[in-house]
Amino acid sequence: MRKVTFGGANSLDNFFAREDGAMDWLMWSDEAMEIMNDFWPKVDCILMGRKTYEVAIKSNPPAEDAEPDSGMKTFVFSRSLDPASVKGAEVVSENAGEFVRALKAQEGKDICVMGGGELANSLLEAGVIDEIGFNIHPVLLGSGVPLFHRLSRQIDLELIECRPFKNGCVYVLYRVKK
């Protein structure tokens, strides 16, 4: 069965981005790039919510003549987006947990939940996220776009890896206990 990983970068106080969506506080490093270079070849599917999709398109709009990505399938979860307006991704308006459960049962590589704290929250509630991995940055933003939202239950995690970076960031990877 395919593995679903929720991950990215966050501030120590639980934010993906500033309130205006800015991520100017991110500290890039060779160590983070090494982890990403190891992770992406294992993935052939990206899941994101509408807000993350809109930020991604705004910051990196697809070219009109863009070729399809090399086998990477992208699903955007939204009940308000017009599927015809979305390029390079499939819009999913059905229950996210059920959709991802079925997707996990299909043949393929692993699945990445990108951004989307709200989407990740629903997938955690549905029990379909297998791992959580984050590059925690040594900054307190004070406010912003939250990484985690209120859950209806406790979710226990098992530490797989913890790696401090030279720039003060800490990478953590957890397995979700079932």
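By the 4.5 Å heavy-atom criterion applied to side chains, Asp30 and Phe165 are not counted as neighbours. With contacts defined as side-chain heavy-atom distances shorter than 4.5 Å, the pair Asn121/Leu151 qualifies. Counting heavy atoms from C-beta outward, Ile35 and Asn135 have side chains that stay 4.5 Å or more apart. Within the 4.5 Å cutoff, no side-chain heavy atoms of Val113 are placed close to those of Thr5. Side-chain contact between Phe6 and Val128: absent, with no pair of heavy atoms (C-beta onward) separated by less than 4.5 Å. In this structure the side chain of Asn10 never reaches within 4.5 angstrom of the side chain of Phe15, judged on heavy atoms.
Note: Ser11 OG to Leu147 CG = 8.0 Å, rounded to the nearest 0.5 Å. The CD atom of Glu131 sits 4.5 Å away from atom CG of Leu173, with the distance rounded to the nearest 0.5 Å. With rounding to the nearest 0.5 Å, the separation of CG in Leu123 from CD in Glu118 is 12.0 Å. Considering CZ of Phe75 and CE of Met48, their distance stands at 11.5 Å, rounded to 0.5 Å. For the atom pair CD1 (Ile136) and SG (Cys169), the distance works out to 9.5 Å, reported to the nearest 0.5 Å. The CZ atom of Arg79 lies 7.5 Å from the OG atom of Ser93; values are rounded to the nearest 0.5 Å.
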* Asked: Between Thr52 and Phe16, does a side-chain contact (heavy atoms from CB on, under 4.5 Å) hold up when you go through it step by step?
  -> CA-CA 11 Å; Thr52 300; Phe16 272 128; over 6 Å; no
* CA sep, side-chain torsions, deciding dist, call: Lys51, Leu119, side-chain contact (heavy atoms from CB on, under 4.5 Å) -> CA-CA 10 Å; Lys51 293 175 190 173; Leu119 173 62; over 6 Å; no
* For Ile160 and Val172, run side-chain contact (heavy atoms from CB on, under 4.5 Å): C-alpha distance rounded to whole Å, both residues' side-chain angles, the deciding distance at 0.1 Å, then the answer. => CA-CA 8 Å; Ile160 298 171; Val172 293; over 6 Å; no
* From CA spacing to verdict: side-chain contact (heavy atoms from CB on, under 4.5 Å), Met72, Ile46 -> CA-CA 7 Å; Met72 188 69 71; Ile46 298 171; 3.8 Å; yes
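Remark: Arg175 engages Glu158 in a salt bridge, criterion side-chain N to carboxylate O under 4.0 Å. A salt bridge links Arg163 with Glu34: the closest approach of a Lys/Arg side-chain nitrogen to an acidic carboxylate oxygen falls below 4.0 angstrom. With salt bridges taken as basic N to acidic carboxylate O contacts below 4.0 Å, none links Lys166 and Glu31. A salt bridge between Lys178 and Asp130 is present, with a side-chain N of the basic residue lying under 4.0 Å from a carboxylate O of the acidic one.
At distances below 3.5 Å, at least one donor-acceptor pair connects side-chain atoms of His137 with backbone N or O atoms of Met27. With hydrogens and angles disregarded, a donor-acceptor distance shorter than 3.5 Å links the side chain of Arg101 to the backbone of Ala126. In this structure, Asn14 contributes its side chain and Pro146 its backbone to no donor-acceptor pair below 3.5 Å.
Heavy-atom neighbours of Trp40 CH2 from other residues, nucleotides or ligands within 6.0 Å: above the threshold of 12. In the displayed structure, Asn37 atom CG is contacted under 6.0 Å by more than 12 heavy atoms of other residues, nucleotides or ligands. Environment of NZ in Lys104: crowded, with over 12 heavy atoms of neighbouring residues, nucleotides or ligands closer than 6.0 Å.
Placement of Met36 and Met114 within a single hydrophobic cluster is found when ILVMFWY residues are connected by side-chain heavy-atom separations under 4.5 Å, directly or transitively. In the hydrophobic clustering of ILVMFWY residues, with side-chain heavy atoms under 4.5 Å counting as a link, Leu124 and Leu159 come out together. With hydrophobic clusters built from ILVMFWY side chains whose heavy atoms lie under 4.5 angstrom apart, Leu47 shares a cluster with Val176. By the criterion of side-chain heavy atoms lying less than 4.5 angstrom apart, applied directly or through intervening Ile, Leu, Val, Met, Phe, Trp or Tyr residues, Val170 is grouped together with Leu140 in one hydrophobic cluster. One hydrophobic cluster, built from ILVMFWY side chains closer than 4.5 Å, cannot hold both Trp25 and Tyr171; they sit in different ones.
Each of Ile129, Asp110, Val43 was checked for a side chain to side chain contact (heavy atoms under 4.5 Å, CB included) with Val4, and the lone residue meeting it is Ile129. A salt bridge (charged side-chain N to carboxylate O under 4.0 Å, His left out) with Asp44 holds for exactly one of Arg2, Lys109, Lys73; it is Arg2.
When ring centroids are compared, Phe99 and Phe77 come within the 6.0 Å threshold.
A pairwise comparison of heavy atoms in Gly88 and Thr74 identifies O-CB, 3.9 Å as the closest pair. Closest non-hydrogen pair, Leu103 versus Cys45, comes out as CD2-SG, 3.6 Å. When all heavy atoms of Glu54 and Leu81 are compared, the closest pair comes out as OE2-CD2, 4.0 Å.
Contacts classified as side chain to side chain donor-acceptor pair (under 3.5 Å) and involving residues 144-153 (residues at least two apart or in different chains) are given here: Glu125-Ser152.
In terms of the side-chain contact (heavy atoms from CB on, under 4.5 Å) criterion, residue partners of Ser80 (sequence neighbours excluded) are, by chain and number, Arg50, Ser78.
A perpendicular orientation is assigned to the rings of Phe134 and Phe148, their planes being inclined by more than 60° (bins at 30° and 60°).
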